[in-house]
There are 2 protein chains.
Amino acid sequence: MGKPQEQRKKEIIQATLDLTADLGIKRVTTQAIADRVGIAQPTVFRHFKTRDDIFAAVIGWITENLSKAILSGVNPEDEADEQLRKLIQSQLAFINKHRAVPRVLFSDFLHLESPKLKSLLQELMNGYIKRVAQLLQQGKESGAFHKNLDVDQTARYIAALIQGLVLRWSVYEFNFSLEKEAKIIWKFLQPVLKAH
Amino acid sequence: MGKPQEQRKKEIIQATLDLTADLGIKRVTTQAIADRVGIAQPTVFRHFKTRDDIFAAVIGWITENLSKAILSGVNPEDEADEQLRKLIQSQLAFINKHRAVPRVLFSDFLHLESPKLKSLLQELMNGYIKRVAQLLQQGKESGAFHKNLDVDQTARYIAALIQGLVLRWSVYEFNFSLEKEAKIIWKFLQPVLKAH
DNA sequence: CCCAAAAGTGAGTAATCAATTGCTTATTAT
DNA sequence: ATAATAAGCAATTGATTACTCACTTTTGGG
């Protein structure tokens, strides 16, 4: 028993990620996935019951690896403001490397077609906002950020700022570097976090 | 000759807007549009050559009416900061009333499927950013905003902030009021515009 | 009132795709 | 080795949907 070709699942997820980056979700057909992996179209359904299940797995992959990227980019010894800076930087670096992320995140198709996928996305966003709010609270207590900061509100707006940035990046066909933008966004945030 | 039923075009655009708000672009079939207007499906193609043409007209409608809403909400006599506040407020009020807007703006389908529609969207965004940058420049000169403000950069980030906000609003199924958020977003922007 | 153009329709067509079926081949567990 | 299970495939199915066609009805200008 067991799973000798658990490998194939990973290959399918990876192929779907690659294709999504280039084509957008709608054009990623099970045939296209099969072609890229090098198997026949029906074989895809040996590994995933439905096409939606494939995208659920893709969102799972993004959630897992985005979390990893963020965690590994941050040193818990640092002050909260430095941690936040690095969090934003590693988040943008990750997205920069994986263009499928905005395609998945901004797909009205996914949002509306499948309640399951939608709630996965909402959880991903909630988790991110909660993490940022934690850091803001920590920095507020340590004095790195100003005393009257509304941590939840601010966390939501930092998330919005980044999502808007990533949206523009994807609408303009990835024609600027997100990593450079990390620095600018950080500068933009300074007066919000530190001012009175 | 002439256009006795120019009316029908408007009805089709309106039906498409309504349906898009509820269903998202993918599910807005020409059949669904016909049903809502109360005509047969082939009749739709008497007024628009292709489905894409319908959505091009919808983007045209949004562009036109968003501009109108923004212009009519702003008094050119006011100081630049007051004008900017009102611009953001009336923009969010408009989007609040027309849920199709985020569905159209955030549709990977539109972005990737039709270069024509994509460039219409880019123009819409460019026009908005340019307008904000103008106001920022004006306010910088009049002293309403601080001297070192990078107007282009800041305009892009204001746009990103709003787009991110609207994205969250649509992902969470419109379950909060955008107009209330206008006040909060304005408060959030204060230190950015006036500090230093 | 008339007739040409526009608006309308029912009945297709053609293309696209997710998913199924029935069968063969490879893998692994004992 | 071998039986059971998983992985593979060619062929097909069934559903969806933009768009066409051949024809009828409505409308408005002279």
Side-chain angles (χ1 to χ4, degrees), chain A residues 1-20 22-59 103-104 107-110 112-117, chain B residues 1-20 22-59 103-104 107-110 112-117:
Chain A
M1 254 202 26
K3 46 212 151 141
Q5 302 316 78
E6 180 69 17
Q7 185 57 18
R8 267 288 137 86
K9 267 197 169 175
K10 283 183 190 164
E11 285 177 32
I12 289 172
I13 291 170
Q14 203 52 53
T16 306
L17 273 166
D18 293 348
L19 289 167
T20 301
D22 294 340
L23 308 175
I25 284 169
K26 192 210 165 193
R27 284 178 166 171
V28 179
T29 61
T30 54
Q31 183 67 63
I33 295 169
D35 288 350
R36 167 150 312 211
V37 175
I39 55 180
Q41 182 253 359
T43 306
V44 172
F45 290 92
R46 291 278 177 214
H47 301 278
F48 293 93
K49 222 169 150 18
T50 68
R51 182 174 178 268
D52 268 8
D53 285 352
I54 300 174
F55 283 102
V58 165
I59 295 177
R103 300 287 193 222
V104 170
S107 164
D108 68 320
F109 174 72
L110 276 197
L112 292 160
E113 214 64 12
S114 159
K116 185 184 163 193
L117 297 183
Chain B
M1 258 207 14
K3 44 206 155 147
Q5 302 315 77
E6 180 69 16
Q7 185 57 21
R8 268 286 137 87
K9 268 196 169 174
K10 283 182 190 164
E11 287 176 31
I12 290 172
I13 291 170
Q14 203 53 54
T16 306
L17 273 166
D18 293 349
L19 288 168
T20 301
D22 293 340
L23 308 176
I25 284 169
K26 193 213 165 191
R27 284 178 167 171
V28 179
T29 61
T30 54
Q31 183 67 64
I33 295 169
D35 288 349
R36 164 145 321 205
V37 174
I39 56 180
Q41 183 253 4
T43 306
V44 172
F45 290 91
R46 291 276 176 216
H47 301 277
F48 293 93
K49 223 167 150 16
T50 67
R51 181 174 178 268
D52 268 8
D53 285 351
I54 301 174
F55 282 102
V58 165
I59 294 177
R103 299 287 192 223
V104 170
S107 164
D108 68 321
F109 173 72
L110 278 196
L112 292 160
E113 213 64 12
S114 160
K116 185 185 164 193
L117 297 183

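Protein chains get the first letters and strands the later ones, always in sequence-line order, with residue 1 at the start of each. Heavy atoms only: backbone and side chains are in, while hydrogens, waters and symmetry mates are out.
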- Examine dG8(D): is either OP1 or OP2 under 4.0 Å from a nitrogen or oxygen in the side chain of H47(A)? Give yes or no. yes
- Note on the structure: Within residues 27-38 of chain B, the residues having a heavy atom closer than 4.0 Å to DNA chain C are none
- Query: Does R27(A) reach the main-chain N or O of A32(A) with its side chain, forming a donor-acceptor pair under 3.5 Å?
  - Reply: no
- Note on the structure: Which of T16(A), I33(A), I54(A) passes side-chain contact (heavy atoms from CB on, under 4.5 Å) with F48(A)? Answer is I54(A)
- Would you call E6(A) and K9(A) a salt bridge, taking side-chain N to carboxylate O under 4.0 Å as the test? no
- From the candidates dC19(D), dA11(C), dT20(C), the one with an atom nearest any side-chain atom of F45(B) is dC19(D)
- Task: Would you please confirm or rule out a distance under 4.0 Å between OP1 or OP2 of dA7(D) and any side-chain N or O of T43(A)?
- Result: no
- Of the candidates dG10(C), dT20(C), dG8(D), the side chain of R8(A) sits closest to dG8(D)
- Message: As a quick check of understanding, evaluate side chain to side chain contact (heavy atoms under 4.5 Å, CB included) for V58(B) and T20(B), giving each step before the final call.
- Response: CA-CA 10 Å; V58(B) 165; T20(B) 301; 5.8 Å; no
- Message: Measure CD1/I12(B) against P/dA6(C) and give the value in whole Å, please.
- Response: 16 Å
- d(CD1, I25(B); C1', dA18(D)) in whole Å: 16 Å
- Rounded distance in Å - NZ (K26(A)) to C1' (dT17(D)): 10 Å
- Item | Candidates dC23(D), dA18(D), dA19(C) - which lies nearest the side chain of R46(B) | dC23(D)
- Item | 5' priority, DNA chain C, between Q41(A) and I39(B) [closest heavy atom] | I39(B)
- Item | Separation of H47(B) NE2 from Q7(B) CD (nearest 0.5 Å) | 10.5 Å
- Electrostatic pair R36(A):D18(A) at N-O distance under 4.0 angstrom: yes
